[in-house]
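First comes the structure, then the notes that go with it.
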Amino acid sequence: MKKSHLIITIILLSISTIYSQNKIKCIPATNFQTVINGRQTSLYTLTNSNGMTVQITNYGARVVALWVPDKNGGFQDVVWGYNSIQEYLKSTDIYCGPIVGRYGNRINKGQFTLNNTAYQLTLNNNGNHLHGGTGGFENKVWDAKFTPINGNQAVTLSYTSPDGEEGYPGNVIIHVTYMVTEKNELTIKYSATTDAPTIINPTSHCYFNLTGTAANTILEHKLKINALKYTPVTKGLIPTGELLHVKGTPLDFTKFTAIGKSINVTNEQLALGKGYDHNYVLNKKLGKMGEAAEIYSEQTGISMKVITDQPGLQFYSGNFMDGTLTGKRGDIHAFRTGFALEAQNFPDAPNHTNFPSAVLLPNQTYTQCTSYAFNIKK
Ligand code: BGC
């Protein structure tokens, strides 16, 4: 090949690479501007100098889009979401991206006892309480303000949950700050106080697909969870109270393993969840920040680490999705096309004395810090 031809070929190849790079397409804030129960909703965009971009609405303190760098020099939006507030109003039942609570995950029959008083929470999941009930945090309009921290862009969302809401005691004030760091982390800090003894366990409920589209299942993703034990469940996905070893079971993710490798084997736990829908007992000191999990997609090269101070991590492989909802870019939210890794206390902790306490007293402040850190897998 002549030198001039070679140069032209190289230029054309470079141009085509630039054009094939996936670009960030932000959702306009106007798509989220409406009034719900007299309160204004909007969309807040946070970025860092690498271009990582997260979009958050104060409707449910919810992540709507999360663009992170991929191995081709472009960006992928790695979370499920919808283009407008109207679509969220139609689809709250799958908990797409919000902070869920007051109690993320399940409480058996919605019942617990605190200081000799029995409480009954809303039942919204096969006779049990799930993710704070039908009127939980995910469909409230939170207050929002930009709160930059050490040069990092951040937004703080606040909500006051009145005494008795969904059956929970105490007036609870909760603040959640989302921050994007220069190390490509999305860090979520929570704090909450109460004026009467109560229980609390909020968590972020994003559905991820690191290929950047729900057109692909999540079965090829390689996952590692820093847990030797999990909390097995019985019917309705309620913990039995035991902590069992993952070793020798399809729930073992102590080494990188494709989600799809054993998801269809005959196993009582997998049958109960129609796949993975289990709380892992994190192998680290209670209350200390540590790595909970890492997951990556070879297709995009995107790796995500979950770092948290929480004792548990719920791994849900999107088993109850039936494809009836269509999200951004026409993505059909179908069976196993999104996964959730929810840092939290154990499910049903208020009913198991051997689980970490979920009690919050008036003189205490609940705190949580969880980071989703993105890198390119070499
Ligand atoms: C739960 C699933 C539930 C999903 C949507 C997950 O956190 O573990 O069982 O179907 O949320 O509600």
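Read the numbers this way: they start at 1 and go in the same order the structure lists the ligands and their atoms. For this chain, numbers begin at 1 and follow the sequence in order.
A salt bridge (Lys or Arg N to Asp or Glu O under 4.0 Å) check over residues 37-59, counting only residues at least two apart or in different chains, returns the pairs Arg39-Asp143.
Look at Arg329 and Asp77 and you find a salt bridge, because one of the NZ, NE, NH1 or NH2 atoms lies within 4.0 Å of a carboxylate O, short of that distance.
For the residue pair Asn319/Arg336, the side-chain donor-acceptor check at 3.5 Å is satisfied.
Partners of Glu298 under the salt bridge (Lys or Arg N to Asp or Glu O under 4.0 Å) rule, at least two apart in sequence or in another chain, are Lys222. Remark: Glu165 engages Lys140 in a salt bridge (Lys or Arg N to Asp or Glu O under 4.0 Å) (not counting sequence neighbours).
Around atom CD of Glu220, no more than 12 heavy atoms belonging to other residues, nucleotides or ligands sit under 6.0 Å away.
Within 4.0 Å of ligand 1, contacts by protein heavy atoms are made from Tyr95, Arg106, Leu130, His131, His205, Tyr207, Leu237, Asp277, Gln314, Tyr316, Phe320, Glu342.
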